[in-house]
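One structure below.
In what follows, chains are A, B, ... by sequence order, proteins preceding strands, each numbered from 1.
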Amino acid sequence: MDRTTTEWKLSLNARATILAIMLLVVGLGVWEGLNQSPLLGGGEALSEYEQLLAGADESAKVPPPSEIAVKAWQELSNPFYDAGPNDKGIGIQLGYSLYRVLSGYLLAALVAIPIGFLIGMSPLAYKALNPFIQVLRPISPLAWMPLALFIIRDSEASAIFVIFICSIWPMLLNTAFGVAGVRNDWVNVARTHELSSLQTAFKVILPAAAPTILTGMRISIGIAWLVIVAAEMLVGGTGIGYYVWNEWNNLDLTSVIFSILMIGVVGMLLDMSLAYIARFVTYAE
Amino acid sequence: MSHAFVEVQKAAKRFPGASKEAEPLTVFENISFQLKKGEFVCIIGHSGCGKSTIMNALAGLDQFSEGSMVMENKEISGPGLERGVVFQNYSLLPWLTALENVRFGVRARWKGWSDREVTDHSMKYLEMVGLKEVVDRKPSQLSGGMRQRVSIARAFATKPKLLLLDEPFGALDALTRGVIQDELIKIWSKDQQTVFMITHDVDEAILLADRIFLMTNGPQARIAEAVEIDLPRPRQRASIVKHPHFYKIRNYLVDFLVNRSSELRTQEFDGQGLRYPTPVNPVQLEDAEATTDSPPASPATEPQENLVKFTPKEVRHG
Ligand SMILES: Nc1ncnc2c1ncn2[C@@H]1O[C@H](COP(=O)(O)OP(=O)(O)O)[C@@H](O)[C@H]1O
Ligand SMILES: [Mg+2]
């Protein structure tokens, strides 16, 4: 009985892997195949481009996977080259983006977690701050950009500010929610052991709320990574968002698709690292 | 000035009524009792009569609406390490291992101790409750009985002067409960702490207690009587039931819970002064009845007879 269940589980994983690979192969195959056929390659789908850009050749088509693979190989084998402002390796561009995301994100954590703690502990603070949060939270982070550029007068810092403002809300609200939801029994344990407020905060409330706080941090890093691409398209100069837009202007769709894939991969890695950290603070009741 | 170790006087708990005009709800009132040092007192009564409220007030986690509480001549006005608490739901911190949970208490109690001393002391108490092998497990990896042992180890390890137990075995099966009761007796007879414990289990109360407080049903509950258990110690679960007095005591308690707890209207007993629970010894009571050859008195009248004989000590506030 046991054996059959484990076998079945193993085969489930194995079958899922096989299915995923099949989907990938079929998907890429169809894409590649359509590209060869006149239907997509020269016909309807890209006819608008062709009308717009008279005499457009092969380069205006959506490139096939094979071309992207070649491009990826080139880029990834030398990710950190720097040949002037408009020609930097993908590693450098991603590095700029990561730097902005992490600075804005960490600043946001430094602000959001203490304030979230305060709001979670004190109903007064909650009631007083809640209206502000409710108004500020739904504002698209990019709407802050002109104001930030005007006040800060520095595109780099403005991008970081936009990341800061978009990652603050999930962390703030989740911290407040986690802290407010700490079981009274656990707080009573601290009280009967005469812990000071500071000790109670660090030895009981923080570990109790940590899984919820980490969930907020995970949501925030996801949002920050979504927003940085758009922000960099706006401010320009460096970063993966700028890179995508720049390659689009160059009509280098191969690079565009390659960088889209890289955005996805880095976003996944960011999420996985937060999930990994969360494993250390989760507990079962 | 009271000489009792713990003294509760004229305690009451009231909640505001549902609407503005409604009468406030009085859960209990005019509750006074004393605990002697080293005494093991159990309190039994039906659900909702206010046992947990009394205990939480003694722990400093809740407050009476009226009345005063004094321990060693000091007013109780908040939680403190000299009073340890074991809750029914164990209240272990789930992100800490069994050892870390006990260390948490010991560290809070003796701030100057080295890590080594804290660990050694904690281990000693975990060994006492038979958990030496599983000290590195988190509460979620322990059975209910094991969790409650950790909780008991934590409470005893901090050596509180007064230990408060709120239905500590309520969630455990009978077998586990018996084993932990034995451990509780063992650990208590070593340290001779004063223990105040809520229980629903009459047998458990007889096994453990020096005195059992009987609480009438709420609202407006009272502690009607304090039943003295003079069975010899050390007591053992297996042999105590063979003691000739066991069933006399047990019947008396069960009769109280089944019949008298709802019939007794203890307001009638309330004089103007302090009223302590009437001391009762079911064994002597029964013997007295047997010798006077009277028919078994209706139980409801007994406490009143007793009350007449009992003249409460007037205790002035310190
Ligand atoms: N906020 C409240 N408002 C009104 N009644 C309450 C409130 N909290 C508790 N009570 C009442 O207080 C009584 C005492 O509860 P508790 O001390 O837990 O009883 P026990 O431990 O003896 O079962 C219960 O009958 C409950 O209904
Ligand atoms: Mg209770």
Side-chain angles (χ1 to χ4, degrees), chain A residues 2 109 113-114 116-117 120-124 171 174-218 273-285, chain B residues 52 55-63 76-98 100-111 118 122 137-142 144 147 150-151 154-155 157-166 171:
Chain A
D2 269 358
I113 293 173
F117 233 85
M121 301 266 272
S122 144
L124 175 71
M171 287 197 268
N174 266 56
T175 306
F177 181 71
V179 167
V182 172
R183 291 238 317 254
N184 224 359
D185 297 338
W186 301 336
V187 180
N188 281 345
V189 170
R191 290 178 65 200
T192 52
H193 287 94
E194 290 184 16
L195 261 57
S196 68
S197 327
L198 207 64
Q199 281 176 319
T200 307
F202 278 103
K203 291 179 92 171
V204 176
I205 296 177
L206 188 61
T212 322
I213 297 175
L214 252 292
T215 306
M217 294 180 76
R218 205 171 153 189
S273 32
L274 262 293
Y276 181 74
I277 297 171
R279 281 196 1 215
F280 293 100
V281 299
T282 45
Y283 54 86
E285 277 186 42
Chain B
S52 295
M55 170 145 303
N56 288 337
L58 283 170
L61 297 170
D62 195 359
Q63 273 142 22
I76 294 176
S77 61
L81 276 163
E82 74 281 0
R83 279 159 288 136
V85 195
V86 176
F87 297 97
Q88 177 173 3
N89 51 14
Y90 327 127
S91 293
L92 298 175
L93 303 175
W95 55 89
L96 299 180
T97 63
E100 286 164 346
N101 265 289
V102 179
R103 280 189 47 119
F104 181 95
V106 177
R107 170 53 76 208
R109 176 75 172 79
W110 291 284
K111 297 184 180 63
V118 172
S122 308
R137 288 209 216 153
K138 300 264 172 79
S140 58
Q141 298 161 315
L142 298 172
R147 286 185 217 178
V150 177
S151 175
R154 181 177 66 188
T158 55
K159 299 203 183 226
K161 290 177 182 162
L162 173 63
L163 201 65
L164 302 163
L165 307 163
D166 190 347

Problem set entry | More than 12 heavy atoms of other groups within 6.0 Å of B:Q63 CD | no
Exercise. By a 4.5 Å heavy-atom criterion (distance strictly below it), what part of A:A210 contacts chain B: side chain, backbone, both, or neither?
Worked result: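 For A:A210, neither part sits under 4.5 Å from chain B.
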Distance (rounded to the nearest 0.5 Å) between [X] [atom1] and [Y] [atom2]:
X	Y	atom1	atom2	value
A:E194	B:R83	CD	CZ	8.0 Å
B:F104	A:L195	CZ	CG	4.5 Å
A:R183	B:N89	CZ	CG	6.0 Å

Exercise. With chain B, which of A:T282, A:V281, A:V204 has the greatest number of heavy-atom pairs at distances under 4.5 Å?
Worked result: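 Most pairs with chain B among the choices: A:V204.
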Problem set entry | Selection from B:P79, B:S140, B:G78, B:P139 maximising heavy-atom pairs under 4.5 Å formed with chain A |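 It is B:P79.
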Seminar exercise, completed: One option among B:R154, B:R109, B:R107, B:Q141 has the most heavy-atom pairs under 4.5 Å with chain A, and it is B:R154
For this session: Using non-hydrogen atoms and a 4.5 Å limit, figure out which bit of B:L92 sits close to chain A: side chain, backbone, both or neither.
Result: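 For B:L92, the backbone is the part near chain A, not the side chain.
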Exercise. Any side-chain heavy-atom pair from B:K138 and A:Y283 closer than 4.5 angstrom?
Worked result: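 Side chain of B:K138 against side chain of A:Y283, heavy atoms only: no contact under 4.5 Å found.
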Problem set entry | Closest non-hydrogen atom pair, A:H193 against B:A108 |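 Closest heavy-atom pair between A:H193 and B:A108: O-CB, 3.6 Å.
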Problem set entry | Nearest atoms (heavy-atom pairs only) where B:P94 meets A:A284 | CB-O, 3.6 Å
